[in-house]
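Working notes for the structure below.
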Amino acid sequence: MQKRDFTFKLAQGALLALALTSVALPASAADLLATVKARGTLKVAMEGTYPPFNYKDQKSGELAGYDVDVARLLAGKLGVKVEFVSSEWAGILAGLAANKYDVIISQVGINPKREQAFDFSAPYIYSMPQLIVRKDEKAVYKTLADLKGKKLGVGQGSVYEQQARAVPGVEVRSYAAAPDTMSDLAFGRIDAALNDSLMSAYLLKISKLPIKAGAQVGAVERMGIPFQKGNPQFKEALNKALAEAAADGSLKAISLKWFGTDVSKAP
């Protein structure tokens, strides 16, 4: 799987233009919290094809993943049921701007351009670029520059491929699928792999290959829950629900279930 923001950039201008030019809600419009409470459901958009975050379970046909569990947890704390809406990633923010759903819980990175168009909850998950190496690796790679003269595996077309190719002296090999990267790493065809720390944690949790987590080699990225501006009561209630989930350990439990580590706190 590749980084979500990289895919989004292909259509970023059009999506944000739509969001910024949407008709503003009148001052007398009900806060989203009142709307959600009256309806009894929280409409949550997600792609549904991005394991382990949100995807359809092959056995049950139901949505599963970290984002799905978080959505159910937060809806419960708000006192409503969750209603999932599937959306292709390229149009998911445009759908929010058009009021097709209340929120998106689908690994949406918080950045200044998006904050111009939408309000965001507090971050509920953090990630950053991370190396994966063999378990018997003796060399210590603290930065990408330390891999000069080495072979580094990356996801084809990902932001990590761009980052790796910008480092002189590193032989970059791109892969269409993460399992192929991990296999080549285990068998010594490459010296390290670079991926999102969240995806790395998941791959390491499910893999039986002799590989382990390496150094984190980039800036921390925060993922939040976007919703329409002008809903201060909803924002307060949503952040309160997140704070309660962090305090009572339920958010950590979901992290451990899917990643084997607590990804709900900044590294």
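What's counted below: heavy atoms across the whole structure, side chains too, no hydrogens, waters or symmetry copies.
- For the pair R222/Y126, a side-chain contact is recorded, criterion being any heavy-atom separation below 4.5 Å from C-beta on.
- Of the candidates L144, V172, L147, T181, L144 is the only one forming a side-chain contact (heavy atoms from CB on, under 4.5 Å) with L194.
- Applying the 6.0 Å contact sphere to NZ of K56 captures no more than 12 heavy atoms from other residues, nucleotides or ligands.
- Residues P129 and Q163 share a closest heavy-atom pair of CG-OE1, 4.0 Å.
- Between D248 and S250 the shortest heavy-atom distance is OD1-OG, 2.5 Å.
- When all heavy atoms of Y101 and G91 are compared, the pair lying nearest together is OH-O, 3.9 Å.
- Here the side chains of F53 and L198 are in contact, with some heavy-atom distance below 4.5 Å.
- The distance from atom OG of S255 to atom OH of Y66, rounded to the nearest 0.5 Å, is 3.5 Å.
- Between E115 and I110, the shortest heavy-atom distance links the atoms OE2-CG2, 3.4 Å.
- When side chains are defined from C-beta on, D119 does not count as touching F234, because their heavy atoms never get closer than 4.5 Å.
- Residue K252 qualifies as open at atom NZ: its count of foreign heavy atoms under 6.0 Å is 12 or below.
- A salt bridge links E171 with R173; the closest basic N to acidic carboxylate O contact falls under 4.0 Å.
- Contact annotation: the side chain of Y124 never approaches that of L74 to less than 4.5 Å [non-hydrogen atoms, C-beta and beyond].
- Side-chain contact check for D102 versus F227: every heavy-atom pair is 4.5 Å or farther apart.
- Looking at R114 and V108, their side chains come closer than 4.5 Å, going by heavy atoms from C-beta outward.
- The two atoms that bring L204 and A213 nearest to each other are CD1-N, 3.5 Å, heavy atoms only.
- Residues K151 and D191 are not paired through a salt bridge, judged by the lack of any N-O separation under 4.0 Å between the basic side chain and the carboxylate.
- Each of L63, D57, I105 was evaluated against V68; a single residue qualifies, L63, per the side-chain contact (heavy atoms from CB on, under 4.5 Å) test.
- With a 4.5 Å cut-off on side-chain heavy atoms, N231 and K235 do not count as touching.
- Between K205 and G260 the shortest heavy-atom distance is CD-N, 3.6 Å.
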